[in-house]
Amino acid sequence: MSVNPCVVSAAVEGPLDEAVVRRLIDEVGASVGPVYGRKGKGHLLQRINGYNAAARYSPWMVLVDLDNDADCAPPFRATWLATASPNMCFRVAVREVETWLFADRDRIAHFLSVAKSRIPQDPEAEGDPKDVIVRLANRSRRRDIREDMVPRRGSGRSVGPAYTSRLIEYIQDKSSGWRPQVAASHSESLRRCIACLHNLANAAASAG
């Protein structure tokens, strides 16, 4: 008899975070339920208690970026959610979800077509991970990567026109793109996130 996988509902800041969450839920053998939010951090903060209430009855994951809102994740988590429901996996990416993406140094170097030596060895020590990605893309040997991911001069933007869609492509490519388990060995916040999701999936399997 086949066992239906654990279904995890989620809430995120935006489309890039959604792609990461979908990949991570799949990585632990669970299925993605409805994904809410996508309207920024403030929107999530207004609704976190509602998501936490829903997590009393079914598995949930909420992912936010630490950014520069605190020095480290634990006090930041506590200000958002003092007591998480048993089925709530509330995780904080240090400092942005981009950190988790370039924590897989081999694959991001290949994707951006840059030397691996240019990829930071301590991802979570970077203060502006989004800028790290843009600067790497600016050194790409591929013109399409530079044009898509680096902001055009005078645009007033911090990223290029296809920055997000390019990174989503990298996240979704299981053959030559991002490897969450490899990245987790260089990012403690990602390692903890995957462990939390594993616990959710295992608890759901045991209950079933």
Grab the two heavy atoms, one from Pro161 and one from Val150, that are nearest each other, plus how far apart they are.
CD-O, 4.3 Å
So for atom CZ, which belongs to Arg118, do other residues, nucleotides or ligands contribute more than 12 heavy atoms lying within a distance under 6.0 Å?
no
Nearest heavy-atom pair of Ile119 and Phe102: which atoms, and what distance?
CG2-O, 3.5 Å
Please answer: with hydrophobic residues joined when any side-chain heavy atoms are less than 4.5 Å apart, are Leu16 and Met61 in the same cluster?
yes
For the residue pair Ser187 and Glu124, confirm or rule out a side-chain donor-acceptor distance under 3.5 Å.
yes
For Tyr36, which residues count as a ring-ring contact (aromatic ring centres under 6.0 Å, His included) partner, sequence neighbours excluded?
Trp60
Heavy atoms from other residues, nucleotides or ligands near CG of Asp71 exceed 12 (cutoff 6.0 Å):
no
Between Arg141 and Ala115, which heavy-atom pair has the shortest distance, and what is it?
NH1-N, 4.0 Å
Do Ser140 and Asn138 have a side chain donor and acceptor closer than 3.5 Å?
no
Check ion pair Arg38-Glu13 (N to O, under 4.0 angstrom):
no
Met149 with Val159, same ILVMFWY side-chain cluster at under 4.5 Å
yes
ILVMFWY cluster, Leu200 and Val64 together (side-chain gap under 4.5 Å)
no
Let me see the working for Glu126 and Glu98 under side chain to side chain contact (heavy atoms under 4.5 Å, CB included), right down to the final yes or no.
CA-CA 10 Å; Glu126 297 297 323; Glu98 280 90 345; over 6 Å; no
Taking only residues two or more places apart in sequence or in another chain, which ones pass side chain to side chain donor-acceptor pair (under 3.5 Å) with Arg166?
Asp144, Asp148
Is there side-chain contact between Asp65 and Asp17, with heavy atoms separated by less than 4.5 Å?
yes
Any side-chain heavy atom of Val62 within less than 4.5 Å of one from Met88?
yes
Are Leu167 and Val94 connected, step by step, through hydrophobic side chains (Ile, Leu, Val, Met, Phe, Trp, Tyr) whose heavy atoms are closer than 4.5 Å?
no
Non-neighbouring partners of Glu147 that pass side chain to side chain donor-acceptor pair (under 3.5 Å), sequence neighbours left out:
Arg143
Can you name the closest pair of heavy atoms from Ala184 and Ile194 and give their distance?
CB-CD1, 3.9 Å
Lys/Arg N to Asp/Glu carboxylate O, Asp26 vs Arg22, below 4.0 Å:
no
Partner of Leu197 under side chain to side chain contact (heavy atoms under 4.5 Å, CB included), chosen from Val21, Asn202, Leu24:
Leu24
Salt bridge (Lys or Arg N to Asp or Glu O under 4.0 Å) filter on Lys41, not counting sequence neighbours, yields Asp67, Asp69
Restricting to pairs with a member in residues 111-148, which pass ring-ring contact (aromatic ring centres under 6.0 Å, His included), not counting sequence neighbours?
Phe111-Tyr170
Do any N or O atoms from the side chain of Arg107 and from the backbone of Gly177 form a donor-acceptor pair under 3.5 angstrom?
yes
Residues Cys72 and Leu66: closest non-hydrogen pair is O-CD1, 3.9 Å
Apply side chain to side chain donor-acceptor pair (under 3.5 Å) to Arg146 and list each qualifying residue two or more places apart in sequence or on a separate chain.
none
Taking C-beta and beyond as the side chain, do Val134 and Pro151 meet within less than 4.5 Å on heavy atoms?
yes
Consider only side-chain heavy atoms of I, L, V, M, F, W and Y, link residues closer than 4.5 Å, and tell whether Val20 and Leu44 are in one cluster.
no
What's the shortest heavy-atom distance between Arg91 and Cys193, and which atoms?
CG-SG, 3.7 Å
